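Scroll down for the structure; my scribbles are underneath it.
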Amino acid sequence: MTWSVALPNLLVGLREGLEAGLVVTILIGAVRRLAPWRSVVGVWLGVVAAVVVSLSFGAVLTFTQAKLSPVAQEIFGGVTSLVTVVLVTSMVFWMRRAARGLSGDLRERVGGALAAGGAALVLTAFVAVAREGLEAALFVWTNAQAAGSSTSPLLGALIGLLLASGLCLGLYRQVLKVNLSRLFTVTGAVLVVIVAGVLAYGITDLQDAGVLPGLNVVAFDISAQVPTGTWWTETIRGVTNLNNRMSQLSVVAYLTYLVVVLTLFLRRKPSTAHAPLADPAAAVATRPRRRRLVVAGATVLIVLPVAGAVTWVAIDHRSAATPVAGDAVTVTDTSCADDWVDPATGATVYTVSNTSSHAVDVEIVLTASNAVVAEIEVLGPGTTRNLPAMLGSAAYHWTCVYAGAATTTSPSRTAVGPPAAVAAAIVPATEAELAPVLAEYRAYVDRQLDLLNQQVQALNRAVSGGDRAAAKNSWRSAYLTYHRIGAAYDAFGDAGAAVDGLATGLPAGVRDPGFVGFHRIEMDLWGGRSLSATVDETGAMVAAVKALYAQLPSFTFDPGDVTTRAHEIVEDTIRFVLTSESDYGSGSGYPTAQADLAGDRVLVDLLAPLLSVRDRTLVAAIHQDMDVLQHALATAVTSGSSVADAPPAIRQLVNAATSQLAETLAPIPDLLEIRAQ
């Protein structure tokens, strides 16, 4: 479980669980005091019904979002985040005020329920618990979306509920004496910080969906300076929902909410007394709840305009940079933008409607070179999207690449008007251009697999001979060789999993029979397992590598996979190697990252001629970033530390250099995209 993600939900589970638990405790105590002959089964029936409703609400939120389009999911997540902010803000203020008077209120209401009958008692318990359960379900669900985790938020909430249950049980038995007012003040202040992050996250969702402006008006971007995946960065992100890159709107909203609400909350003094309700039938405590909802909602409505005003000032509204409205064009089953009129130079936004029965990629293309200047990838049938373009004084035409139908093009037209700065056009790659790259890379993989075959045999001999030190050295050599062929992993499929599979995702983890290959042997060698028990594993490894080598001629190296792997190799290094997820005891993370980098250099060098034609500066920038990362990794390897034990300065140096390289490599798939024929 990730504690940084679980902590916010643990606090909510504790607070909401205490609120609901105190309600149940007081209800049961009131029944036994006011009517000792009555059973408390009705209270528990109401509690169970409320729990079922709350869980069902969480399921409805999950499945509702799953059925929505990506844009609608962003809107749904943003709106639920704002609703959560309102509800939780109201909750922390109310619990601060009501902590001392809750008992008197409920006893009055229980008295009325007992007089009305058993059904009224069930309803009282249900309403009191369901109210808190629905709020908790909404917050936990919203925070789970922000955290991107499936289990930690739920486990955190469960632990909080269990702690709350224990406290309530102790209070009921008068074993514990807890200052509820002070407890709710401390947890409330922490929740205000957390909810400020939920507000910022919700605003980012709405910006991603295009509902709010300013997504690209960045307040700060420290992705290259701050490492990702470390315990301290993940703790900060999990608790605050702050990211390395945030828009000005989300930052201003975060700070405004935090300053306004935290000031009001900490200055607000809890009431010293809370008189019992004189007439429960006439005053069911709805007005205080409505009032706190209004106050919380008004707070959010004040925060958003203030943040929006700051963002509006920050956005450059100069008319020269603002695209003008373009013409509407239509894609049909047999034509591509035939209704396109003579274009003007400069920035234009075209409205593209797909009335065909196919999904289609729509491109604006330079007629002279077939270079793409603007495109929409996968425009679904019956949908309309905007396509911004910057056109110069040249001839252009539209190309529509259908899924399952022949490609169509529009007539060529020349843009007229004042000279305008245009974005670099991209000439699509062809399979013929990439064929030599694939042939050379296949030959490289062949040589590496031949070397790997010899190294795993040496590993098997060392294990069979009982020489653990030699076995460790052979394992390192073989493992690093395998990592130098990272671009071939997608072609290996199941055969590759038998060589380099992780225990993550297997039903029994490291004890699963499917956990075989390098990492199983690594765990045995560095975990002290008897070498006689490891012989079978190394023997299976030899067989797996031989099978991999024998199947090489049949492996299909897809051109698209090769172009994307240059970036993905570094992403895998960040995701698995620099987080120690793929380390099962050897501490070889930094040498492994060096091997990944060496393999990536080979691939980039093979792609360099094609890249240079499309971007004259990219290859030099890639080599420069690779050299920086190589220097950082050499420093890390010289230190002799594993990734987990490396000094913070070394970790930050390597993580920053790796992230920068990943960003520099990111354009390669677009530059070498193969156009469907």
Side-chain angles (χ1 to χ4, degrees), residues 445-486 488-489 492 494-504 506 508-550 552 572-573 576-599 633-634 636-646:
V445 173
D446 184 281
R447 294 191 297 272
Q448 295 300 310
L449 286 180
D450 183 47
L451 176 60
L452 179 64
N453 186 34
Q454 300 173 37
Q455 291 169 333
V456 295
Q457 290 185 35
L459 169 62
N460 188 45
R461 288 194 298 271
V463 171
S464 300
D467 190 341
R468 188 178 297 272
K472 288 182 176 180
N473 289 332
S474 296
W475 181 92
R476 288 191 186 96
S477 299
Y479 184 63
L480 298 183
T481 296
Y482 187 77
H483 266 262
R484 294 188 187 98
I485 53 176
Y489 292 167
F492 292 163
D494 292 339
V499 174
D500 193 38
L502 300 176
T504 306
L506 296 176
V510 295
R511 294 182 177 84
D512 196 277
F515 180 43
V516 295
F518 273 121
H519 296 297
R520 174 58 186 269
I521 297 170
E522 176 187 10
M523 187 176 68
D524 291 349
L525 291 178
W526 276 268
R529 189 185 186 197
S530 170
L531 292 185
S532 60
T534 308
V535 172
D536 290 342
E537 298 294 339
T538 56
M541 183 71 167
V542 170
V545 172
K546 283 184 177 179
L548 197 63
Y549 187 65
L552 179 60
D572 287 346
T573 302
F576 300 113
V577 178
L578 298 184
T579 60
S580 298
E581 184 174 341
S582 60
D583 188 346
Y584 287 79
S586 68
S588 59
Y590 289 129
T592 302
Q594 284 183 318
D596 289 340
L597 179 59
L633 289 172
V637 171
T638 302
S639 73
S641 303
S642 66
V643 172
D645 298 331

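All figures in this text were calculated on a predicted structure; none of them were measured in a lab. Count residues from 1 along the sequence.
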Residue pair L480 / Q594, side-chain heavy-atom distance below 4.5 Å: no
Rounded distance [0.5 Å steps], CG in D512 versus OG1 in T504: 11.5 Å
Side-chain (S474) to main-chain (A471) donor-acceptor, under 3.5 angstrom: no
Minimum heavy-atom distance between G509 and A503, given as atom pair plus value: C-CB, 3.7 Å
Euclidean distance, R529 CZ relative to T534 OG1, rounded to 0.5 Å: 5.0 Å
Closest heavy-atom pair and its distance - L452, A478: CD1-O, 3.2 Å
Test log, rule side-chain contact (heavy atoms from CB on, under 4.5 Å), inputs L633 and L597: CA-CA 10 Å; L633 289 172; L597 179 59; 4.3 Å; yes
Pairwise distance CG(L525) to CZ(R476) - rounded to 0.5 angstrom: 9.5 Å
Heavy-atom check, side chain of V643 versus side chain of D583, under 4.5 Å: no
Pairing residues for R461 by the salt bridge (charged side-chain N to carboxylate O under 4.0 Å, His left out) criterion, not counting sequence neighbours: none
Exercise: identify the closest heavy-atom pair between Y590 and A646: OH-CB, 3.6 Å
Minimum heavy-atom distance S580-A644, with the two atoms named: OG-N, 3.7 Å
Nearest-0.5 Å distance that lies between atom CG in L459 and atom CD in Q454: 14.0 Å
Contact summary for V499 and Y482, nearest pair of heavy atoms: CG1-CE1, 3.7 Å
Y584 side chain near L502 side chain, heavy-atom distance below 4.5 Å: yes
Geometric class of the F518/Y479 ring pair [parallel <30°, tilted 30-60°, perpendicular >60°]: perpendicular
Closest approach of G589 to V577 (non-hydrogen atoms, all atoms of both residues): O-CG1, 3.1 Å
Heavy-atom donor-acceptor pair, S642 side chain to D645 backbone, under 3.5 Å: yes
Sequence-distant partners of V542, side-chain contact (heavy atoms from CB on, under 4.5 Å), two or more places apart: V456, Q457, N460, K546
From E537 atom CD to R520 atom CZ, the distance as rounded to the nearest 0.5 Å: 4.5 Å
Contact check, side chains of K472 and S586, non-hydrogen atoms, under 4.5 Å: no
Donor-acceptor side-chain pairing of Q455 and S477 below 3.5 angstrom: no
Spacing of L449 atom CG and I485 atom CD1 [to the nearest 0.5 Å]: 4.5 Å
